[in-house]
Amino acid sequence: MPADESLLQRALDWVTPLLSEQVTGGGETLLAHALGSAQILAAMQADAATRVAALLMFIAEPTEATGVKARVSNTVADRFGAEIAQLVQGTHSLSRLGSLASGASAGALDSTDQKEMLRKMLLAMAADLRIVLIRLASRLQTLRWLAAEKRPCDPMLARETLDLYTPLANRLGIWQIKWEMEDLAFRFTDPQRYKDIAKLLEEKRIEREEFITQTIEQLAQGLAARGVVSEVSGRPKHIYSIHNKMRTKQLAFSELYDVRALRIIVQDERECYAALGFVHEQWEPVSDEFDDYISRPKPNGYKSLHTVVTDAAGRPFEVQIRTRAMHEFAEFGMAAHWRYKEVGGRTGHSATGQAPAVAEYDRQLAWMRQLLAWNTEAGAQSDEPQPSKPRRVTQDRIYVLSPQARVIELPIGATPVDFAYHLHSDLGHRCRGARVDGQMVPLSTQLQTGQTVDIVTTKSGGPSRDWLNPQLGFLASPRARAKVRAWFNAIELAQRTTQGQALVEKELQRLGKTAINLEHLAQQLGFARADDLYVAAAKEEFSLRQIDAVLQPAAPEPDLSVEDLMAQALRAESNSTSGKGSVLVVGVGSLLTQLARCCRPAPPDAIQGFVTRGRGVSIHRSACSTFADLSKHQPERVIEVAWSAGTPGSVYPVEVIIQAQDRSGLLRDLSEVFARLRLNVIAVNTQTKASIAYMAFTVEIRGGNDLQYALSALGEVSGVFLARRR
């Protein structure tokens with residue numbers, strides 16, 4: 001358009017005297033570089049504003065210290081408008097990111113994750129997609145010039161191209177830029193391998209492209225003659241792609257069937273198979289090289305027909321056949337070319353397994369690629385002005401750099417405190433200040449993509465409770481907020497432990513038991529560790545009187561023989577008004593009995609007796625493991641027993657175990673259940689771990705019905721998910 005040509009000419013006239021004498025680090029003049037980049041963008045059918053911004057990309061790099069940034073921005077805006085000024089400024093930001101990455105420490109960007117984060121950061125900094133296109137065109141122009149002038153290329157620049165810019169071009173679907181940059185960068189990173197593969201191709205690139213062109217024409221005419229409406233395209237494999245496939249799949253060059261590849265897009269599935277039939281009629285198919293992903297789609301949903309055929313000269317080439325819908329899905333959906341080429345189909349990277357942030361990133365990439373396709377079609381179909389479409393990208397993540405140029409991904413609105421906690425919990429606890437791009441800033445400052453953050457710490461100390469106040473804006477990351485809470489919870493736990501230890505030690509002093517092993521005492525009281533006992537005592541969830549009960553020695557009892565017990569039975573029979581005989585020894589009558597504490601039997605449990613030394617007959621549940629062990633070693637002491645009819649008021653202690661979600665008032669609600677059922681609680685032991693309350697109640701019951709009623713009522717208390725007898 002005349003207006004566009006006039007705008008481009010004005011920009012060229014303005015920059016020519018400013019840039020013609022200046023050179024890049026590689027030796028190319030800035031003017032030649034800007035012109036070359038603009039020409040690459042013109043070939044991509046970029047709009048005039050994008051090409052003008054490429055011409056102006058070197059106009060006074062922004063410098064915060066001198067204030068040039070604002071002055072230059074205003075100059076460009078005054079001459080060419082705000083849109084072009086924003087593109088130029090965005091290009092400067094991406095150039096700065098590239099400089100930071102190039103100056104990173106040796107290991108900062110070595111990992112695959114860090115390279116991926118850098119690509120995301122580049123996209124995030126480019127709110128306008130055209131800024132990314134300018135950056136890609138600039139890098140391609142650098143490689144073209146170095147190759148044309150036969151100049152050596154900085155290995156870091158070539159490596160950065162393969163790690164950062166070609167994957168980005170691949171993901172955006174800018175294939176022509178991707179292929180050329182890969183070949184040029186590979187030529188510099190591994191020149192010998194590049195030459196070896198070039199020789200193996202046996203023909204020049206032009207000849208390969210002529211083969212593709214002729215084959216496309218033959219396919220298009222043949223399919224049209226059969227009434228199949230099709231779109232046939234193809235490209236020869238470039239050298240880097242061949243190298244990559246040989247390396248990753250461990251193939252020799254002779255084993256590659258897709259050095260030349262074509263794609264046929266038709267209207268429906270029926271025409272896919274019709275096109276396949278025509279291809280197999282025209283050329284001889286290679287056995288075992290046909291894949292029907294239409295009838296058997298890949299797990300990620302990818303559909304297409306793949307076949308390999310050979311021409312009359314014996315040259316193999318690959319043909320892919322798919323419908324437009326299949327093609328769109330393969331390009332923009334889960335089976336996108338960049339995903340299965342770069343990720344390699346590894347588990348955990350499917351679309352269904354993506355984290356929300358990654359899924360959103362993929363959605364933005366798909367949108368960008370569709371926008372590029374629209375720009376190309378608009379330029380190809382008409383010279384008339386096209387209605388503008390939105391180019392800006394919304395972001396919910398930011399990407400900032402550590403002083404070592406490590407890329408850190410944070411939620412939007414993140415602060416230096418979020419950044420510190422992301423790096424390390426201890427760094428976050430000791431964070432007292434931050435420098436952003438070298439300037440001290442408040443800790444509540446919201447970070448922006450592309451900034452470099454350096455944390456100022458103290459040698460010791462912890463976080464401030466103010467950081468947990470959402471109104472003050474210190475934290476945006478749930479992960480960082482959880483770490484601050486964990487720090488204060490640990491402090492509170494330490495305080496309760498100290499407080500509870502003092503209470504326990506004071507009780508032991510009163511009992512004159514200061515030399516006792518506290519860990520052993522805690523285990524006797526039902527706690528895993530002494531610290532758990534201390535915390536329960538400090539929270540008043542444990543009665544210190546239980547320590548007295550455990551430590552008070554039992555009165556020594558005489559070692560009675562079986563004959564002594566039989567004599568006692570005769571005396572017990574005459575004392576029928578005692579009201580305490582609830583167990584009868586079968587064939588003998590009443591004997592001195594006691595309910596075993598290991599299993600706490602109660603009617604109607606099946607029971608067995610064991611004659612002890614000095615304590616009468618110990619009554620166990622038949623299924624008791626302790627009784628099984630005793631009877632195994634001393635079977636002569638086993639005696640048959642049965643429940644008596646009992647006397648009014650006879651009660652039996654049983655232990656009830658409860659697990660529940662810890663909450664305020666839980667112990668009160670459980671106690672109300674026992675009170676309502678008129679059950680006497682003679683012991684309570686509670687402890688809490690990970691917000692789960694573990695409680696043991698020793699309750700006196702009159703029989704099995706009382707226990708069943710109690711367990712049923714306890715299970716209905718809010719938060720209780722387990723209530724059972726021990």
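Everything quoted here is computed from the prediction, not taken from an experiment.
Nearest heavy atom pair, residue Arg600 against residue Glu655, reads CD-N, 4.0 Å. Ala596 and Ser618 make their closest contact through CB-OG, 3.7 Å (heavy atoms, listed as atom of the first residue, atom of the second, distance). When every heavy atom of Phe488 is checked against every heavy atom of Ser464, the shortest pair comes out as CZ-C, 3.8 Å. Residues Ser631 and Val638 share a closest heavy-atom pair of CB-CG2, 3.5 Å. The shortest heavy-atom contact between Pro416 and Leu443 is CD-O, 3.4 Å.
In this structure the side chain of Leu508 reaches within 4.5 angstrom of the side chain of Leu518, judged on heavy atoms. A heavy-atom distance below 4.5 Å is not found between the side chains of Asp418 and Leu447. Residues Tyr421 and Arg479 fail the side-chain proximity criterion, which asks for heavy atoms closer than 4.5 Å. Side-chain contact check for Asp706 versus Leu677: every heavy-atom pair is 4.5 Å or farther apart. Using a 4.5 Å heavy-atom threshold, the side chains of Ser691 and Gln661 count as touching. Within the 4.5 Å cutoff, the side chain of Ser402 has heavy atoms near those of the Phe419 side chain. Proximity of Leu707 to Val656: side-chain heavy atoms (C-beta onward) are separated by under 4.5 Å at one or more points. Counting heavy atoms from C-beta on, the side chains of Gln448 and Ile398 never come closer than 4.5 Å.
Partners of Arg510 according to the salt bridge (Lys or Arg N to Asp or Glu O under 4.0 Å) rule, which considers only residues two or more places apart in sequence or in another chain, are Glu507. Take Asp669 and apply the salt bridge (Lys or Arg N to Asp or Glu O under 4.0 Å) test, not counting sequence neighbours, and it matches Arg663.
At a threshold of 4.0 Å, the pair Glu672-Arg676 does not count as salt-bridged, since none of the basic side-chain nitrogens sits closer than that to a carboxylate oxygen.
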Side chain to side chain contact (heavy atoms under 4.5 Å, CB included) assessment of Arg637 paired with Leu630
CA-CA 9 Å; Arg637 288 182 170 268; Leu630 291 171; over 6 Å; no

Show, in sequence, the C-alpha distance, side-chain angles and deciding distance for Leu679 and Arg702, and conclude whether the side chain to side chain contact (heavy atoms under 4.5 Å, CB included) test is met.
CA-CA 9 Å; Leu679 299 178; Arg702 292 171 292 276; 4.2 Å; yes

Check against side chain to side chain contact (heavy atoms under 4.5 Å, CB included), Arg435 and Val456
CA-CA 7 Å; Arg435 294 185 184 90; Val456 178; 3.6 Å; yes

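The CZ atom of Arg430 lies 11.5 Å from the OG atom of Ser425; values are rounded to the nearest 0.5 Å. Rounding to the nearest 0.5 Å places CD of Gln523 at 7.0 Å from CD of Glu519. In this structure, Tyr694 OH and Asn685 CG are separated by 13.5 Å, a value rounded to the nearest 0.5 Å. Going from atom CG of Leu595 over to atom CZ of Arg621 covers 11.5 Å, rounded to the nearest 0.5 Å. Between Glu492 atom CD and Gln499 atom CD the span is 10.5 Å, to the nearest 0.5 Å. Tyr534 contributes atom OH, which lies 4.0 Å from atom CD of Gln501 (distance to the nearest 0.5 angstrom).
The aromatic rings of Trp487 and His429 lie tilted to each other, with the angle between the two planes from 30° to 60°.
Side-chain contact of Tyr399 with Glu409: a donor-acceptor pair under 3.5 Å is present, judged by distance alone.
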